[in-house]
Protein chains: 2
Amino acid sequence: MSSDKADIRNDGKSTARGKVLERRRRILAAIRDAAIDEFASKGLVGASTQAIAQRAGLTKPQLHYYISSKEELYEDILVYILDEWKEIFISSSAGDTPEQIIRAYIHKKLEYGKRNPKASRLFTAEITNGAPFLSRHLAQYQASTQEAVALIRSWVDQELIRPVDPLLFQMHIWAVTQHYADFEVQIKSFMQIGENEEFDMDHVEEEVVTLFLRACGLK
Amino acid sequence: MSSDKADIRNDGKSTARGKVLERRRRILAAIRDAAIDEFASKGLVGASTQAIAQRAGLTKPQLHYYISSKEELYEDILVYILDEWKEIFISSSAGDTPEQIIRAYIHKKLEYGKRNPKASRLFTAEITNGAPFLSRHLAQYQASTQEAVALIRSWVDQELIRPVDPLLFQMHIWAVTQHYADFEVQIKSFMQIGENEEFDMDHVEEEVVTLFLRACGLK
DNA sequence: ATGTAATCAAACCAATCGGTCAAACTAATT
DNA sequence: AATTAGTTTGACCGATTGGTTTGATTACAT
């Protein structure tokens, strides 16, 4: 595996140095992917560095050459996920009308959960455990949240939508969309869908959109 | 501790036998409570029988005298929680009108989450991990689910509410209410509420009720 | 070719894990 | 008082954990 010598863009440094850095970058990415898998399915305590190393195609001492400790790797990954999420918030850049913005938010959130179920569940696990590692970083969240709150409040003030509690409204969308990423097993059980079948995500999205549009009088 | 000799209802057996059984019952309950705490905060793999024993006021060999293995204890607890939940489903016994029934369901679900946050999170953790231990028991769920689906569908057919997908509608209520039990940390961060402050649960309940009543045209 | 710095792996460490066992202890029955 | 059944304990087991060490190996610049 990985014996292909893909050509590497020279990033200003010498080609040799570039190769070294590129290699290091790839290894760190492999470690991150492996760790997300392992942490998501076993939890922080249950995950073993041995298993993470193996998944990443490394030996244990080799892994510890690149990371300093299991806890630090765990926290790094959580922050990495949190960073990705800051771009999915309700924001006026997603369209002009409240309906467009709400539709876009729901779509982006469902899309992320579908594409990154492991990361999604890892985040949920950390939060339900009281966010012992993430609590320090959650403050970053608040900026995006407050922005969204202000936006929704302005809709209410302009009477573009029926009155809702902006914070809770946003949180409820978050809850429902997150649910589809985290509770796949329960959902399939509810829907009586087999292990390898998929449920109709387009229908789900339309139903979720309808729920929240009706809730603010847009449908 | 526990040196109080509480009088025990004679359950048909001799008083001595009754005391022995009562004692055993108390110990098993203590183990269950301790295990819910430990499993909820550390997960199945992370939890140690040592710690469970200590929380229950027992030694480790003493704990193993009452239970057979960690895994079995874990599964027993999950089934115990699942049993409690089967009574919280949407059901026509909760009132006459759709509005009354929906209000009652939301109220019961929020109430349970508030009173049993640990159990609630333990269930969520198991489900997000793919329900390796609970999947066999999830079938019991389906009966209650199908009952609720039939009820909601009848509302739609009678044109008592606007058309909704009965299964998804029910699941969305589940998702939002469950969210308040599981994501307390995130919610408090969103709301900028301190560690020991509480958020206004009455306001939350009213907002959740409004969300779903509007969604089916009842408000 | 040679020296140097980065990278790797076998063996190893103390600590903890779930679980067991035989011996001791307690309490009800005879 | 003697017997018995039920309960508790300290010591212990093999397995696994996160992490280290030491010495070999590699890749690069000169």
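To find a chain, count down the sequence lines: A is the first, B the second, and so on, and within it residues start at 1.
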Write down the protein N/O and nucleotide N/O pairs, taken from nucleotides 24-26 of chain D, whose separation is under 3.5 Å; answer none if there are no such pairs.
none

*Residue A:Q54 excluded, over 12 heavy atoms near CD under 6.0 Å*: no
*Which part of the nucleic acid, if any, lies within contact of A:Q62, taking any heavy atom under 4.0 Å across all strands shown: a base, the sugar-phosphate backbone alone, or nothing?*
sugar-phosphate
*asked:* Just the rounded figure in Å: distance from P of C:dA6 to OH of A:Y66.
replied: 12 Å
*asked:* Do B:Y105 and B:I101 have side chains that approach each other closer than 4.5 Å (heavy atoms only, starting at C-beta)?
replied: no
Can you name the atoms? Protein N/O to nucleotides 24-26 of chain C N/O, anything below 3.5 Å, with the distance.
none

_Under-4.0 Å salt bridge between B:E22 and B:R25_ = yes
*With under 30° as parallel and over 60° as perpendicular, where do the rings of B:F123 and B:Y141 fit, or are they tilted in between?*
tilted
For nucleotides 14-19 of chain C, which of its nitrogen or oxygen atoms have a protein nitrogen or oxygen under 3.5 Å away, and what is each distance?
residue, atom, partner, partner atom, Å
C:dG18, OP1, B:A47, O, 2.8
C:dG18, OP1, B:T49, N, 3.2
C:dG18, OP1, B:K70, NZ, 3.1
C:dG18, OP2, B:T49, N, 3.1
C:dG18, OP2, B:T49, OG1, 3.2
C:dG18, N7, B:K60, NZ, 2.9
C:dG19, OP2, B:H64, NE2, 3.3
C:dG19, OP2, B:K70, N, 3.0
C:dG19, N7, B:K60, NZ, 3.3
C:dG19, O6, B:K60, NZ, 2.9

_Nearest whole Å is fine: how far is D:dT22 P from A:Y65 OH?_
17 Å
*Nearest-Å distance, CD1 (A:I31) to P (C:dT7)?*
12 Å
*For D:dT8, take OP1 and OP2 only and decide whether either is under 4.0 Å from a side-chain N or O of B:T59.*
no
*Side-chain contact, heavy-atom cut-off 4.5 Å: A:R24 with A:Y66?*
yes
*Take atom CG of A:L28 and atom P of C:dA6, then tell me their distance rounded to the nearest Å.*
16 Å
*Between B:K70 and B:E38, is the closest basic N to carboxylate O distance under 4.0 Å?*
no
_Measure CD/A:E72 against C1'/D:dG18 and give the value in whole Å, please._
14 Å
*What is the distance, rounded to the nearest whole Å, between atom CZ of B:R24 and atom P of D:dT7?*
6 Å
*asked:* From CD of A:Q54 over to P of D:dG18, roughly how many Å is that when rounded to an integer?
replied: 13 Å
*Are any of the side-chain heavy atoms of A:I36 and A:N116 separated by less than 4.5 Å?*
no
*Are a donor atom and an acceptor atom from the side chains of B:E126 and B:Y74 found within less than 3.5 Å of each other?*
yes
*Going by an N to O cut-off under 4.0 Å, is there a salt bridge joining B:E206 and B:R103?*
yes
_Under a 3.5 Å distance rule, please check whether B:Q186 uses its side chain to pair with a backbone N or O of A:I127 as donor and acceptor._
no
*asked:* In whole Å, I'd like the distance from the CG atom of A:L63 to the C1' atom of D:dG18.
replied: 11 Å
*Close side-chain approach of A:F190 to B:L138, heavy-atom, < 4.5 Å*: no
